[in-house]
Amino acid sequence: MSRKRSWAEPYKIKMVEPVFMTTLEDREKFIKEAGYNTFLLRSRDVYIDLLTDSGTSAMSDRQWAGIMMGDEAYAGSENFYHLESTIQDYYGYKFVVPTHQGRGAEHLISQILIKKGDFIPGNMYFTTTRLHQELAGGTFVDVIIDEAHDSESNFPFKGNIDLNKLENLIKEKGADKIPYVSIATTVNMAGGQPISMANLKEVRALTNKYDIKIVHDMTRVAENAYMIKLLEDGYADKPVAEIIKEICSLTDAATMSSKKDALVSIGGFLAINDEDVFAEARNLVVVYEGLHTYGGMAGRDMEALAIGITESVQDDHIRARVGQVRYLGEKLLDAGIPIVNPIGTHGIFIDAKKFLPHLSQDMFPAQTLAAEIYIDSGVRAMERGVVSAGRNKETGEHNYPNLELVRLTIPRRVYTQAHMDVIAESVQYVHERRDQINGLKMVFEPKYLRFFQARFEKL
Ligand code: PLI
């Protein structure tokens, strides 16, 4: 008879940070003062913080030891050389330019490769990535497969590129107008969905045909590699570290927000194979980030990052990380909550259109739902819908994405199974009284990345 064997996290906890529950009255007041925007809440008023998995992971004892080994020299810090060789060893790119975080790297590569009037196809937009492409004079074009825009589709690789959409764009605009294809592993805005190796190989073959580069947003590459191991033929016995290297080998350059996969609070880098592009980036980084051997990071942060990269690619770590997200996702599915299928790797994405069908997208259903979950339990989530999608840069109208989502993002190595249970119960309770929930109106809208600072009032 086979016995059930549960898995557990591959670590034990040696330091804790207290969190505090507030009262319902407090939370109603706090969210009103925050303009019904969870980004504007104070963290001390949050019980379980699922705003993001960015910079919120728990570092290991090894990483904290690395912090003590910071070489804070302005130039030539020992930690930079450790970071550089770690990136070369684990990801295989030739040249490294450190940046303060992911968007610093996005800024550099966009300024270097994009000319005014260019088009940048990608597997769905990400907020900062698209903005840097636009600020450099380019236009982002979504060439992800249609399944990615359908929250009910169970297609396992919803991060895949639609090769027909991509080739049609190349033929319509001309290869000289397309500096690179932008590939994210995994696709955040689609619900944390992976791209398959087979698809990436096909994209490589197509871009080779037209001599177009691939720039890889490798922010959550370990999570993507783990899904390939689970789901794609031929990968079950390969270590995640090997799959990561294969993904990277199919691309020409990468931007990294180290605040996710790589288990640190701050940092990023641009990794490049082309020596001329590297030479330009190494020069430009001095203008915006800092000298090319620190790029906005302290020596100690580069050391923690180098160690974090080695931990992030371990199979047992990534299995527990993705496993915890799936645990929460399955609880919500069992309770009949409409979430994006399949369950993503870094968070659960609730379909706010289905959760609050009586609210039109102009009433900001996802923004509303995130506020309601906070009011119910002090759990802080994030809107990923019409507010995040911003306005069309030509017409000035709202972009209305198909996916109107609330993201419950799980920080790495931070919360326990009991926290997951509390979260699931809260979402379920809000779902039970969904008919009583009214929408919001926007009363303040900043020019850039409005979701961070926009303010709302109850309708
Ligand atoms: O927040 P940055 O600047 O380190 O990284 C920007 C960034 C780039 N690509 C992707 C896929 C991201 O998810 C990303 C940042 N994401 C955040 C902050 C998030 O909450 O998902």
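Counting convention: from 1, in listed order, for ligands and their atoms alike.
- The main-chain N or O of Tyr81 is found under 3.5 Å from a side-chain atom of Ser85 such that the two form a donor-acceptor pair.
- Residue Thr186 places no N or O, backbone or side chain, under 3.5 Å from any N or O of ligand 1.
- Within 6.0 Å of atom CZ in Arg391, more than 12 heavy atoms from other residues, nucleotides or ligands are found, so the atom counts as buried in its surroundings.
- Ligand-side atoms of ligand 1 in range of Met382: 20 (O), range being under 4.0 angstrom from any heavy atom.
- The shortest contact between atom 3 (O) of ligand 1 and any protein heavy atom is with Arg103 NE, 2.7 Å.
- When only interatomic distances are considered, the shortest N/O to N/O separation between Asn188 and ligand 1 falls below 3.5 Å.
- When only interatomic distances are considered, the shortest N/O to N/O separation between Thr128 and ligand 1 does not fall below 3.5 Å.
- The distance from ligand 1 to the heavy atoms of Lys259 drops below 4.0 Å at these ligand atoms: 4 (O).
- When only non-hydrogen protein atoms are considered, atom 15 (C) of ligand 1 lies nearest to Lys260 NZ, 2.7 Å.
- Of the protein's heavy atoms, Ser257 OG, 2.6 Å lies nearest to atom 4 (O) of ligand 1.
- Distance from atom 2 (P) of ligand 1 to its nearest protein heavy atom, with residue and atom name: Gln101 NE2, 3.2 Å.
- Listed for the Asp53 side chain is no donor-acceptor partner under 3.5 Å among the backbone atoms of Ile410.
- A 6.0 Å sphere centred on CD of Glu152 holds no more than 12 heavy atoms belonging to other residues, nucleotides or ligands.
- Because its NZ or CZ atom is both nearer than 6.0 Å to the ring centre of Tyr125 and within 45° of the ring axis, Arg130 counts as a cation-pi partner of that residue.
- Arg380 forms no cation-pi arrangement with Phe39, by the criterion of a distance under 6.0 Å to the ring centre and an angle within 45° of the ring axis.
- Under the 30°/60° scheme for interplanar angles, the aromatic rings of Tyr74 and Tyr294 are found to stand perpendicular.
- Shortest non-hydrogen contact noted between Tyr91 and Cys248 is O-CB, 3.0 Å.
- In terms of polar-atom proximity, Thr52 is counted as a contact of ligand 1, with an N or O under 3.5 Å from an N or O of the ligand.
- When non-hydrogen atoms are compared, ligand 1 lies under 4.0 Å from neither the backbone nor the side chain of Met218.
- Residue, atom and distance of the protein heavy atom nearest to atom 9 (N) of ligand 1 are Asp217 OD2, 2.7 Å.
- Look at Glu106 and you'll find a heavy atom under 4.0 Å from some atom of ligand 1.
- With respect to atom 14 (C) of ligand 1, the closest heavy atom belonging to the protein is Phe126 CE2, 3.2 Å.
- In the displayed structure, Lys201 atom NZ is contacted under 6.0 Å by more than 12 heavy atoms of other residues, nucleotides or ligands.
- Interface of Gly102 with ligand 1, defined as ligand atoms under 4.0 Å from a residue heavy atom, comprises 2 (P), 3 (O), 4 (O), 5 (O).
- Atom numbering of ligand 1 starts at 1 in the shown order; those under 4.0 Å from a heavy atom of Ser54 are 18 (C).
- Side-chain contact between Leu135 and Tyr448 is present, with at least one heavy-atom pair separated by less than 4.5 Å.
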